[in-house]
Amino acid sequence: MPSAISAHSLEKTYGSGEGEVRALRGVSLEVASGEVVALVGPSGSGKSTLLTSLGLLALPDTGTIRIGGELVVDAGVARGDLAAIRRSRLGFVFQRSNLVPFLTAVENVALALTINDVDARDAKDRAHALLASLGLGDRSSAYPEELSGGQAQRVAIARALAMDPPVLLADEPTAALDGPRSRDVMMLFRRIAHERGAAVVVVTHDHRVLDAFDGVHEMDDGILSERRSGAAHA
Ligand SMILES: Nc1ncnc2c1ncn2[C@@H]1O[C@H](COP(=O)(O)OP(=O)(O)OP(=O)(O)O)[C@@H](O)[C@H]1O
Ligand SMILES: [Mg+2]
């Protein structure tokens with residue numbers, strides 16, 4: 001079976017001359033369906049650059065990226081409609097929940113479906129069901145400012161999951177949360193991987209939660225290495 005997402009020999013350089021930064025120096029990574037991996041490493045080592053490349057938000061200078069076996073970036077060049085691939089096959093969660101402030105929780109989640117041409121009524125039903133499955137059934141009509149940090153982050157996760165993407169990418173999703181809430185969110189990622197068969201890649205600085213992962217990859221100055229295998233298997 002092909003990996004849910006794989007990258008091969010990614011290179012990315014920002015700037016030139018004196019200010020040149022080689023953010024990715026030949027990075028390869030494969031993540032299987034149902035697997036949750038952590039990306040750790042010092043500030044500035046290239047973790048976000050790798051995640052935005054995997055997420056097709058900013059392309060590498062060279063290297064290949066496959067999603068579900070399909071070649072979507074070849075030698076740094078897009079193959080096909082990347083925006084459509086992003087909307088339908090990739091889910092993103094960031095450090096801040098970035099919810100639309102004037103939409104309720106359920107409307108925020110439904111929006112991810114309607115922009116993919118799901119009928120509005122259907123979208124709302126699915127958004128309600130998803131929020132309920134994440135323990136937010138009673139908060140679905142709340143506006144973002146009425147939610148706690150952990151609740152808002154769960155709404156953002158629900159939004160990322162709305163299209164049931166095979167790949168979920170998260171950049172420091174628990175940075176704004178306390179220890180227990182942070183662990184809750186990591187356990188939620190594990191559940192998503194195991195129940196939905198999604199491949200999940202999480203950038204984290206939080207060493208308290210590393211045991212929740214199937215594998216830990218360490219980025220150091222643009223080079224990725226497997227640090228150790230996580231202990232966790234359900
Ligand atoms: N748009 C950009 N233009 C120029 N340089 C950039 C840009 N984005 C990132 N960099 C540089 O590339 C390197 C890698 O940055 P990146 O954001 O990927 O690191 P990171 O591992 O995510 O760090 P952090 O843990 O602080 O979030 C850094 O030296 C950074 O300054
Ligand atoms: Mg970063």
Side-chain angles (χ1 to χ4, degrees), residues 5-31 35-67 72-73 75-78 82-83 85-86 90-99 149-150 152-153 156-157 159-160 165 167-179 181-183 185-186 188-189 199-228 230:
I5 188 161
S6 68
H8 190 68
S9 301
L10 302 186
E11 304 262 349
K12 176 85 177 181
T13 301
Y14 293 112
S16 60
E18 285 282 288
E20 183 179 289
V21 176
R22 290 186 66 196
L24 300 178
R25 301 195 285 162
V27 170
S28 299
L29 174 70
E30 281 191 34
V31 187
E35 200 179 15
V36 195
V37 303
L39 209 53
V40 301
S43 179
S45 59
K47 304 179 298 296
S48 294
T49 302
L50 175 56
L51 212 70
T52 52
S53 294
L54 294 175
L56 311 176
L57 292 163
L59 295 189
D61 300 330
T62 184
T64 60
I65 298 174
R66 285 186 168 78
I67 296 180
V72 295
V73 175
V77 177
L82 296 193
I85 294 169
R86 251 192 332 259
L90 298 169
F92 296 94
V93 181
F94 300 101
Q95 185 168 342
R96 292 156 50 93
S97 54
N98 297 317
L99 299 174
Q153 202 53 304
I157 293 169
R159 178 180 58 185
V167 178
L168 188 62
L169 304 171
D171 199 346
E172 300 190 42
T174 63
L177 306 179
D178 63 21
R181 294 295 87 71
S182 165
R183 177 158 286 276
V185 167
M186 290 306 172
L188 184 55
F189 284 130
V200 183
V201 182
V202 184
V203 173
T204 184
H205 275 119
D206 189 351
H207 289 260
R208 295 166 302 185
V209 296
L210 288 185
D211 61 345
F213 294 91
D214 297 313
V216 178
H217 296 267
E218 181 151 29
M219 188 69 110
D220 190 12
D221 199 13
I223 292 177
L224 188 70
S225 56
E226 181 130 14
R227 195 170 77 168
R228 67 169 174 81

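We count ligands from 1, going down the list as the structure has it; atoms in each ligand are counted the same way.
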So which protein heavy atom does [atom] come closest to, and at what separation?
atom: atom 1 (N) of ligand 1; result: Y14 CE2, 3.7 Å
atom: atom 26 (O) of ligand 1; result: S43 OG, 2.6 Å
atom: atom 25 (O) of ligand 1; result: K47 NZ, 2.7 Å

Output yes when a side-chain donor or acceptor of [X] lies under 3.5 Å from a complementary backbone atom of [Y], and no otherwise.
X: S9; Y: G63; value: no
X: R208; Y: R183; value: no
X: Q153; Y: P173; value: yes

Look at ligand 1 and say whether [X] reaches it with a heavy atom at a distance under 4.0 Å.
X: M219; value: no
X: G41; value: no
X: G222; value: no
X: G15; value: no

Side chains of [X] and [Y] in contact at under 4.5 Å (non-hydrogen atoms):
X: V209; Y: V185; answer: no
X: M219; Y: V27; answer: yes
X: L210; Y: T204; answer: yes

- Taking atom 31 (O) of ligand 1 as the reference point, report whether a protein heavy atom occurs under 4.0 Å from it.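 There is no protein heavy atom less than 4.0 Å from atom 31 (O) of ligand 1.
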Quick one: which ligand 1 atoms are inside 4.0 Å of a heavy atom on [X]?
X: E172; answer: 25 (O), 27 (O)
X: P42; answer: 21 (O)
X: S48; answer: 17 (O), 18 (O), 20 (P), 22 (O), 27 (O)
X: H205; answer: 25 (O)
X: T49; answer: 14 (C), 15 (O), 16 (P), 18 (O)

- Query: Between V202 and L168, does a side-chain contact (heavy atoms from CB on, under 4.5 Å) hold up when you go through it step by step?
  - Reply: CA-CA 8 Å; V202 184; L168 188 62; over 6 Å; no
- Classify the contact between V21 and ligand 1 as side chain, backbone, both or neither, using a heavy-atom distance cut-off of under 4.0 Å. side chain
- Task: Report the part of A23 in contact with ligand 1, treating N, CA, C, O as backbone and CB onward as side chain, heavy atoms under 4.0 Å; options are side chain, backbone, both, neither.
- Result: side chain
- Nearest heavy atoms of F213 and V37, plus distance in Å: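 Scanning both residues completely, I find the closest heavy atoms to be CD2-C, 3.5 Å.
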Let me have the donor-acceptor pairs involving side chains of residues 10-17, under 3.5 Å, with sequence neighbours excluded, atom names and distances please.
unit_1 : atom_1 : unit_2 : atom_2 : d
E11    : OE1    : R22    : NH2    : 3.3
E11    : OE2    : G26    : N      : 3.4
K12    : NZ     : L59    : O      : 2.9
Y14    : OH     : T49    : OG1    : 3.1

- Begin with the C-alpha distance, continue with both residues' side-chain angles, and end with the deciding distance and a verdict on side-chain contact (heavy atoms from CB on, under 4.5 Å) for M186 and D206. CA-CA 10 Å; M186 290 306 172; D206 189 351; 5.6 Å; no
- Task: Select the closest option to atom 28 (C) of ligand 1 among S45, A175, G44, judged by heavy-atom distance.
- Result: G44
- Query: Thinking salt bridges, do D220 and R25 make one under a 4.0 Å N-O criterion?
  - Reply: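 Judged by the 4.0 Å cut-off on N to carboxylate O distance, D220 and R25 do not form a salt bridge.
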- Message: Quick check on the Mg ion (ligand 2): does S48 put an N/O/S atom closer than 2.8 Å to it?
- Response: yes
